[in-house]
Every structure is written in C-alpha cells, then in structure tokens.
There are 2 protein chains.
Amino acid sequence: MDPSSAPMRPREPRRGRRTAVTLSDVAAAAGVSPITVSRALNAPETVSEGLRGRVNATVEALGYVPNRMAGALASAKTRVIPVIVPSLSNVVFVEVIEGIQETIEAAGYQMLLGSTDYDLDREAALASTLLGWAPPGVLLAGLRHLPRTATLLKNADVPVVEFMEYGARCIDMNVGLSHVRAGAVMAAHLLDRGYRRVGFVGTRMRDDYRARQRYDGMRRHIAEAGGASDVLFEYPSGLGQAVGWHALTDVLAADPQVDALFFANDEMAVGAVLRAQRDGIAVPGRVAIAGFNGLPMSALVTPALTTIISPRKEIGRQAATMLLSRINGTPLAQRRIDVGFVLEPRSST
Amino acid sequence: MDPSSAPMRPREPRRGRRTAVTLSDVAAAAGVSPITVSRALNAPETVSEGLRGRVNATVEALGYVPNRMAGALASAKTRVIPVIVPSLSNVVFVEVIEGIQETIEAAGYQMLLGSTDYDLDREAALASTLLGWAPPGVLLAGLRHLPRTATLLKNADVPVVEFMEYGARCIDMNVGLSHVRAGAVMAAHLLDRGYRRVGFVGTRMRDDYRARQRYDGMRRHIAEAGGASDVLFEYPSGLGQAVGWHALTDVLAADPQVDALFFANDEMAVGAVLRAQRDGIAVPGRVAIAGFNGLPMSALVTPALTTIISPRKEIGRQAATMLLSRINGTPLAQRRIDVGFVLEPRSST
DNA sequence: TCAGATTTTGGTTGCGCTACCAAAGTTCCC
DNA sequence: GGGAACTTTGGTAGCGCAACCAAAATCTGA
C-alpha cells in the first residue's frame with residue numbers, strides 16, 4: 001500500500017508552533033474545501049451566496065486571520081508598499097506620508113515605512129531589505145541615490161516613484177517640485193522688494209540637498225540679476241525652530257550688511273521671527289525673513305512669514321496614485337509630474 | 001516507473017512570474033546546497049569561512065534578495081512589528097514612532113505602520129489585518145479599544161505593548177504617563193499662581209480621550225481645592241495652532257471671567273500666545289496660558305509657554321524595548337511603566 | 001428532453017525558504 | 001591509533017495559501 005521508497009516514518013506536525021486557525025480549519029468547520037474558503041474571502045462573487053455566508057460565519061466564529069505570508073508566497077503578490085524617507089522629524093515628510101497612507105490604504109495596501117536619516121548607505125540597505133517583501137511597487141524620497149540603489153530597484157522590475165523634487169533623471173517615475181526654481185522665485189521676490197544682500201540659512205546641506213538646490217537657485221538668480229549679493233550660512237545640525245532662533249542674531253552679527261534671510265524651511269524661519277520679536281529686531285525693517293513650505297504656523301507669527309507653499313500632501317497622493325496605476329496596469333499619461341509651488345508674500349519681507 | 005495514480009503530466013514551472021534570483025540559484029552558482037546558503041546568511045558562524053565567503057560573493061554577484069515571505073512562512077517568524085497610532089498629524093505620535101523605529105531597527109525589525117484616525121473600528125480592522133503578518137509582537141497606542149480588538153490581540157498570543165497613557169488595565173504591557181495626574185498637576189500650578197477661573201480648551205475630546213483625562217484631572221483638582229472654578233471649551237475639529245489662535249478671543253468673549261487657559265496641547269497653546277501677541281492681549285496679565293507636551297517651540301514664543309513635558313521619544317523607546325525583551329524571552333521586571341512627566345513653569349502663567 | 005454553455009466546487013501542486021535529522025569531516029585525548 | 005565529541009554540510013519535508021485544471025452542478029434554448 002505504501003510507496004515503495006518511503007522508509008521515513010510520518011512525523012508529528014513538525015514544529016510545535018502555530019496554534020493559529022488556518023484556512024483548512026475553517027474549511028473543515030464549514031464543511032467545504034479549502035479553496036472555496038479562499039475564494040469566499042478573496043473573490044466573493046465567484047462563490048454562491050449560501051456557501052459564502054456559511055464560510056463568513058465560520059471565519060467569524062473561529063476568529064480566523066489569513067496568513068498574509070502564505071498568501072503572498074503562493075500568489076507572488078503582496079499588498080505592502082515600502083516607503084523610504086530621510087526622516088520623520090521633519091513635518092514635511094510626515095505630511096507626504098499621510099497623503100501616501102490615505103491613498104494606498106483606500107486601495108487595500110499597507111505601508112512599510114523606512115527612514116534613512118539622510119544616509120544613502122542606509123537607504124540602499126533599506127531598499128534591499130524592503131524588496132525582500134516582494135512589494136508590488138516602491139515609493140522613495142528624492143532623486144539622489146547610490147548607484148547600487150538604482151540598480152537594485154531597476155533589476156527588481158517593480159514600479160518606483162521618486163517623490164519630493166522634480167527632475168529629469170529618475171529611476172522610473174517622479175513627482176515633485178523644482179527646488180532650484182523655488183529658490184529663484186524667492187530670490188526674485190526679495191530683489192523685487194529691494195533687498196540687496198540676501199543670506200541663506202540651512203543645516204546639513206550636503207544631506208539635505210533639496211535645501212542646497214533652493215540655495216543654488218537663489219544664488220544663480222541673484223548673480224544673473226546683478227546689483228545684489230548672496231551669502232550662505234550653514235549650521236551643522238538641527239532643523240527646528242531652535243536653529244533659526246539662534247541663527248538670527250549670529251548671522252546679523254557676522255554679516256551686518258545682510259538685509260534679508262531666506263531660511264531652508266519654515267520651522268527655522270519661524271524660530272527667527274520669534275527671536276526677532278523677543279529681542280525687538282525689526283522685521284522686515286532691519287532684516288526680512290522668508291521660509292519654505294507654507295506650514296500653517298507661518299501665517300500666525302507676527303509679522304506673518306513670507307514663504308513658498310509646497311503641496312506636500314498632494315505629492316504623497318500623486319505619488320501613490322501613480323504607483324497604484326502602474327501596479328494595476330493602467331497606462332500613465334506621464335511618468336513625471338511637476339506639482340509646482342506657490343509664493344506667498346506676507347509681511348515679513 | 002511512475003506512481004500508479006498520477007495521470008497528471010509534469011507541468012511547466014507554473015506561473016510565468018518570478019524571474020527573481022532564489023536561494024537555490026545562489027546555491028547552484030556557488031556549488032553548495034541551498035541550506036548552506038541559508039545558513040551562511042542567517043547564522044554565518046555555523047558555516048566555514050571559505051564557504052561563507054564564496055556564498056557571499058555569489059549573493060553579491062547575482063544580486064540575490066532573500067524572499068522574506070518564504071522565510072517567514074517556513075520559520076513562522078517575521079521581523080515586522082505593527083505599530084498602530086491614531087494619527088500622524090500630531091507630532092507627538094511621530095516622536096513616539098521615532099523612538100520605536102530607532103529601537104526596533106537596531107534589533108533588525110521593521111515597522112508596519114497603521115493609523116486609525118481615532119476610529120476604534122478602523123483600529124480593530126487594522127489590528128486584524130496586521131496580525132495576518134504573524135508579527136512577533138504588536139505596539140498599540142492607547143488603552144481604550146473595542147472589546148473585539150482586545151480579544152483579537154489576546155487570542156493571537158503575541159506580546160502587546162499599549163503606549164501613551166499609563167493605566168491599570170492593559171491587554172498585556174503598558175508604557176505611558178497618567179494624563180489625569182498631569183491635569184491635576186497643571187491645575188495645582190495655576191491655582192498656586194492665583195488664578196481662579198480656569199478654562200480648558202480642546203478638540204474632538206471624545207476621540208482624544210487623553211485630553212479629556214487631563215481635563216478630568218484638572219477639574220477634580222479644582223473642585224477639591226475649592227475657591228476656584230473650571231470651564232470646558234470644546235471645538236469640533238483641528239488640533240493645530242489655528243485652533244488656539246481662534247479659540248483665544250472666542251473664549252475670552254464668551255467667558256470674560258476666565259483668567260487662565262489650559263490647552264489640550266502645546267500647538268494650540270502656542271497659537272493662542274501668538275494671537276495674544278498680535279492682538280496685544282496681555283499674557284499672563286489678562287489671561288494665563290498653559291500647554292501640554294513640551295514641544296521645543298513652547299520655549300521660543302513670547303512669553304515662553306508654561307507646559308508639561310512628556311517624554312515622547314522615551315515612551316517609544318521603552319515600549320519597543322519592552323516588546324523586544326518579551327519577544328526574546330527575557331523576563332521583565334514589570335509589565336507597566338509610568339514614564340512620568342515634568343511641569344515646566346514659564347512666564348505665560 | 002438533451003446537448004451545450006455557464007456557474008460553482010474541488011484536487012493537486014508548488015511558491016521559496018527553514019526546521020529537523022542524518023551524514024560526513026575534524027579535532028581531541030588517552 | 002581509535003573512539004568520543006565536536007564541527008560542518010546535505011537531504012527531506014512542509015509552512016499556509018492560491019494558481020491551475022478538472023469535475024460537478026446548474027442553467028440555456030431549440
């Protein structure tokens with residue numbers, strides 16, 4: 001009766017683990033085959049109403065939770081989308097993530113979040129680990145990566161959306177705005193208002209190269225316009241209001257000619273405004289202050305902060321939407337989207 | 001030769017998918033058995049140096065990325081930890097998440113993030129879905145859940161840490177602080193400074209029940225102390241500075257007796273301070289303002305904001321550490337940790 | 001009424017990996 | 001020198017599910 005070449009005795013159910021209810025348990029309890037349970041859950045319309053009801057009731061009764069790993073392995077499909085960002089400390093990324101989250105969750109996907117702390121090696125490592133989840137797509141902040149990260153993602157043959165900045169060379173798809181252009185627009189605004197020595201205040205600008213791009217855009221515009229000059233103030237760390245708070249007096253002491261300051265972001269700029277207020281430094285009388293991002297608080301300080309509003313949540317939504325389209329095989333009108341930005345001139349300049 | 005009951009012809013390699021390099025590919029290329037490759041990657045010390053080198057080189061050369069799903073399925077172990085929070089819009093949760101992230105990543109785990117938007121039904125659904133990943137543990141914000149969520153988690157038989165508030169009844173483990181006590185401490189401070197009619201300003205306090213707990217603590221303390229009264233101002237939505245900004249004048253108009261305001265959080269309180277500043281309302285002369293959380297910006301406004309500093313990142317770290325201990329089977333000194341808080345009296349009161 | 005089309009259900013196999021066991025190779029010490 | 005103890009490698013099976021194909025049940029229409 002038994003196969004000729006099977007000297008091996010039947011073993012106990014292998015490891016002593018997994019007390020959890022499985023699909024087969026449900027099937028047995030409901031008196032149907034496992035595959036019918038699978039279908040009742042994943043493609044309800046292909047199962048008759050009676051059975052479907054019976055299966056659902058049994059699922060409920062046993063507290064069955066499908067094992068995603070098994071499903072994913074069998075179908076070679078996961079509903080997890082890795083999202084890689086440089087940092088969570090920066091509100092901006094959080095808002096983008098919210099946009100992503102709401103979009104992909106509505107489509108039944110889950111987010112696997114990784115943060116690189118602005119370290120490209122960590123980014124490569126994260127990308128590699130996360131690809132191990134055989135995701136249907138990847139969302140990645142920024143356009144600058146190590147060559148091996150790009151290779152990895154290209155070889156993985158999954159749709160990839162790089163978000164935050166808009167640029168010509170992307171791995172696959174791209175959603176963002178031009179930071180160089182944003183810098184130029186702010187420079188134009190400041191020159192227009194008559195300021196002649198414009199400082200840019202940033203931190204960790206090798207890592208935060210988008211801030212550097214804004215500076216580059218500003219610098220080039222000022223150089224081309226003539227009649228004004230720029231100066232860069234770079235701090236080694238931090239990105240919050242405390243930096244702006246300290247930078248303001250530092251900078252004015254170091255370079256008294258400065259009559260306008262463009263901060264790398266609104267948080268820093270708000271810090272500077274608060275400091276000016278406390279110390280009685282006239283804004284924009286002594287120095288004009290501008291920020292970037294358009295955080296709600298920029299409108300609440302006195303004087304209200306001139307800033308550039310970036311559509312952060314929209315970036316997240318668009319990136320996710322684009323990715324989902326590609327996952328679903330919908331043809332895309334375009335692989336790159338420039339979401340733009342809006343200069344919001346207020347009383348601080 | 002063939003088994004008697006197998007009329008089925010051998011098929012093509014099934015689905016046309018998965019061009020990816022597998023462990024067997026690496027094994028073949030390196031001239032070792034698959035299991036050796038597995039060991040070289042997961043338990044390097046059990047493989048001789050020579051083979052290990054050869055395997056690693058082959059992995060590198062072929063660009064092999066292990067399929068986590070298969071590994072997880074085979075070993076019944078995932079290195080993914082679900083983290084469920086009510087919202088990402090609130091900085092507080094983000095900071096807790098950062099603490100969690102840095103701790104679990106250092107231990108080789110990844111975070112699966114879900115946000116409930118303060119909806120307990122969504123929370124239950126999320127918990128169920130996330131349990132499908134057969135995680136080694138779960139991190140969950142708050143102590144209040146639907147009965148079915150608690151049942152689900154208890155039945156899943158995985159360690160669970162509930163974080164944010166500290167309380168007596170938890171599913172498994174708990175890290176947080178007592179919000180009732182925080183409210184009482186702030187009330188004591190305000191009465192101490194001589195204020196006699198204290199308003200509490202919050203939003204969505206059915207959902208944000210931790211804010212409600214702070215109010216309850218405050219209210220009870222004021223009632224017990226005698227000689228002073230409290231009043232609650234609740235707004236339907238929002239949680240940012242804009243709410244505080246608008247609330248300040250609303251509240252003073254609605255109840256001119258109010259001489260102190262305790263806001264549900266620092267963001268709102270800062271909004272109020274900024275408004276007071278713009279409109280020339282004396283703080284604390286006309287009205288004292290206090291916040292909760294101890295965000296950095298609370299120290300930068302003028303007047304500096306009295307607040308209660310909550311150890312947010314620490315909560316994340318402790319919660320993660322606790323969970324990891326249990327995952328690793330390390331016995332725990334205690335199942336509940338009160339991380340406490342610090343009253344920071346500043347010039348706004 | 002019955003062949004053919006359609007819907008609904010079930011069997012078998014394998015996704016890629018690791019647990020378990022066994023075998024081969026090494027080292028050690030009396 | 002030989003056996004015990006240890007280290008290193010390999011074979012086999014199966015984790016829980018869905019794809020694929022086939023079979024059964026039901027519905028058409030002439």
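Every value quoted in this text rests on a predicted model; they were computed, and no experiment measured them. Just so we're on the same page: letters track the sequence lines, and every chain starts at 1.
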Residue pair Glu123(B) / Tyr118(B), side-chain donor-acceptor N/O under 3.5 Å: no

Phosphate-side-chain proximity, Tyr64(B) and dC17(C), N/O vs OP1/OP2 below 4.0 Å: yes

Value in whole Å for how far the C1' atom of dA13(D) lies from CD1 of Ile35(B): 12 Å

Sugar-phosphate, base or nothing in reach of Pro34(B), heavy atoms under 4.0 Å: nothing

Ser38(A) vs dC17(D): side-chain N/O to OP1/OP2 distance below 4.0 Å: no

Integer-rounded Å distance: dG14(D) P and Asn67(A) CG: 18 Å

N or O in side chain of Ser75(B) less than 4.0 angstrom from dT18(C) OP1/OP2: no

Whole angstrom value for the distance that separates P of dT9(C) from CD of Glu49(A): 12 Å

Salt-bridge present (Glu49(B), Arg52(B); N to O < 4.0 Å): no

Identified side chain to side chain contact (heavy atoms under 4.5 Å, CB included) partner of Leu146(A) from the options Thr151(A), Leu152(A), Leu120(A): Leu120(A)

Close residues, residues 41-48 of chain A, relative to DNA chain C [heavy-atom separation under 4.0 Å]: Val47(A), Ser48(A)

Side-chain donor/acceptor of Arg39(B) to base of dG10(D), under 3.5 Å: yes

Contact under 4.0 Å: Lys77(A) side-chain N or O vs dA19(D) OP1/OP2: yes

Residue closer to the 5' end of DNA chain C, Pro66(B) versus Ser33(A) (nearest nucleotide): Ser33(A)

Separation of dG10(D) P from Leu51(B) CG (nearest whole Å): 7 Å

Salt-bridge present (Arg122(A), Glu105(B); N to O < 4.0 Å): yes

Rounded interatomic separation in angstrom, taking CZ from Arg68(A) and P from dC17(D): 11 Å

Lys/Arg-Asp/Glu bridge criterion (N-O < 4.0 Å) met for Asp172(B), Arg336(B): no

Euclidean distance, atom CG of residue Leu23(A) to atom P of dA18(D) [Å, nearest integer]: 6 Å

Gap between atom CG of Leu41(B) and atom CG of Asn56(B) - 0.5 Å precision: 6.5 Å

5′-ward residue of the pair Val32(B)/Ser24(A) relative to DNA chain D: Val32(B)

Atom-to-atom span, CG of Leu73(B) to P of dC15(D) - whole angstrom: 9 Å

Flag, side chain of Asn328(A) to backbone of Thr330(A), donor-acceptor distance under 3.5 Å: no

Between P of dC17(C) and CZ of Arg79(B), the distance in whole Å: 17 Å

dG10(D) phosphate, OP1 or OP2, under 4.0 Å from Thr36(B) side-chain N/O: yes

